[in-house]
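Following: one structure in structure tokens, then a few remarks.
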Amino acid sequence: MGVSGPIRVVVAKPGLDGHDRGAKVIARALRDAGMEVIYTGLHQTPEQIVDTAIQEDADAIGLSILSGAHNTLFARVLELLREKDAADITVFGGGIIPEEDIEPLRALGVAAIFTPGAPTGEVVAWVTEHVGLAHRS
């Protein structure tokens, strides 16, 4: 199967976290790299995020979480994707996530975690390489 267009990424801010500068920076970097980006805005529920990703035929969901609710919110997004037969949508995330929580999140199915200070080029390269490969197969 060939490429069906640019990589489509939903960038979302789940939960009550009201700070979205980092999410907007990542959304812009992905867009500047030629990806189609759908930014959902603040205070999204996992259900809203998954529904948007499915409706937009997204290849990936990038979650930005600063509130400390990452374990619960990532798990719920992944659970909903499985329930809706959309587990092929890659989930990655960033924000203030303690080092000791990264491996358990990866074990749940989060493909990558980017912590504060990660260069935007690193995120773009990861999405291009990992999501792009899945997108092309």
Side-chain angles (χ1 to χ4, degrees):
M1 179 187 297
V3 176
S4 61
I7 297 169
R8 294 177 60 82
V9 181
V10 168
V11 174
K13 291 290 300 181
L16 299 177
D17 182 4
H19 301 280
D20 64 350
R21 182 176 297 180
K24 288 179 177 177
V25 168
I26 294 301
R28 170 71 64 148
L30 296 173
R31 189 173 298 123
D32 288 350
M35 297 178 207
E36 289 185 19
V37 178
I38 300 93
Y39 174 61
T40 62
L42 293 169
H43 311 301
Q44 298 294 296
T45 66
E47 290 79 7
Q48 290 170 314
I49 294 164
V50 169
D51 287 346
T52 298
I54 292 169
Q55 290 169 7
E56 294 289 344
D57 196 24
D59 301 299
I61 298 171
L63 298 173
S64 172
I65 302 176
L66 304 174
S67 66
H70 49 273
N71 291 323
T72 302
L73 293 169
F74 274 116
R76 183 65 179 144
V77 167
L78 292 162
E79 176 185 18
L80 289 166
L81 287 170
R82 285 189 299 273
E83 286 176 8
K84 296 182 181 238
D85 294 322
D88 60 328
I89 298 174
T90 302
V91 176
F92 66 98
I96 300 175
I97 298 171
E99 185 69 34
E100 62 269 14
D101 290 343
I102 292 175
E103 277 310 311
L105 289 170
R106 288 185 55 85
L108 281 176
V110 178
I113 298 288
F114 300 94
T115 54
T120 56
E122 180 182 322
V123 178
V124 168
W126 185 89
V127 172
T128 300
E129 180 178 342
H130 293 88
V131 177
L133 285 175
H135 175 72
R136 287 165 177 75
S137 57

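All figures in this text were calculated on a predicted structure; none of them were measured in a lab.
Considering every non-hydrogen atom in both D88 and D85, the closest pair reads OD1-O, 4.4 Å. Looking at every heavy atom in both residues, K13 comes nearest to G41 through CB-O, 3.6 Å. Of all non-hydrogen atoms in A53 and I89, the two that sit nearest each other are CB-CD1, 4.0 Å. G34 approaches P6 most closely through the heavy-atom pair O-CB, 3.4 Å. Listed here is the closest heavy atom pair of V10 and A58: CG2-CB, 3.8 Å. Heavy-atom minimum distance, V124 versus A33: CG1-CB, 3.5 Å.
Both I49 and L80 are assigned to one and the same hydrophobic cluster, defined by single-linkage of ILVMFWY side chains at heavy-atom distances under 4.5 Å. Hydrophobic clustering, with ILVMFWY side chains joined whenever heavy atoms are under 4.5 angstrom apart, keeps L66 apart from L63. The hydrophobic clustering, which links ILVMFWY residues whose side-chain heavy atoms are closer than 4.5 Å, places L73 and V50 together. Hydrophobic cluster membership differs between F114 and V91, with clusters built from Ile, Leu, Val, Met, Phe, Trp and Tyr side chains linked at under 4.5 angstrom. Under a hydrophobic clustering in which Ile, Leu, Val, Met, Phe, Trp and Tyr are joined whenever their side-chain heavy atoms come within less than 4.5 Å, directly or via other members, V25 and V11 fall into different clusters.
For the pair I26 and V37, the minimum side-chain heavy-atom distance is 4.5 Å or more.
Atoms OG1 and NE2, on T72 and H70 in that order, are 8.5 Å from each other to the nearest 0.5 Å. The distance from atom CD of E56 to atom CG of D51, rounded to the nearest 0.5 Å, is 11.5 Å. Interatomic distance, Y39 OH to R28 CZ, rounded to the nearest 0.5 Å: 13.0 Å. Separation of atoms CD (E103) and CD1 (I113) is listed at 9.5 Å; rounding is to 0.5 Å. Distance check, rounded to the nearest 0.5 Å: NE2 of H43 to CG of L16 gives 7.0 Å.
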Show, in sequence, the C-alpha distance, side-chain angles and deciding distance for T52 and I61, and conclude whether the side-chain contact (heavy atoms from CB on, under 4.5 Å) test is met.
CA-CA 10 Å; T52 298; I61 298 171; over 6 Å; no
Begin from the C-alpha positions of K24 and R21 and carry the test side-chain contact (heavy atoms from CB on, under 4.5 Å) through to its verdict.
CA-CA 5 Å; K24 288 179 177 177; R21 182 176 297 180; 5.8 Å; no
Go through the steps for K84 and I54 under the test side-chain contact (heavy atoms from CB on, under 4.5 Å), then give the verdict.
CA-CA 9 Å; K84 296 182 181 238; I54 292 169; 3.7 Å; yes
Going through the checks in order, is the side-chain contact (heavy atoms from CB on, under 4.5 Å) test met by V9 and D59?
CA-CA 6 Å; V9 181; D59 301 299; 5.9 Å; no
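For the side-chain contact (heavy atoms from CB on, under 4.5 Å) criterion with N71, the lone passing option out of I65, I97, D101 is D101.
Using modelled atom types, one side-chain atom of Q44 and one backbone atom of L42 make a donor-acceptor pair closer than 3.5 Å.
A salt bridge links R76 with E79: at least one charged nitrogen is closer than 4.0 Å to a carboxylate oxygen.
Around the CD atom of E99, the shell of radius 6.0 Å holds no more than 12 heavy atoms that belong to other residues, nucleotides or ligands. At most 12 heavy atoms of other shown residues, nucleotides or ligands fall within 6.0 angstrom of atom NE2 in H19.
The aromatic rings of F92 and W126 lie tilted to each other, with the angle between the two planes from 30° to 60°.
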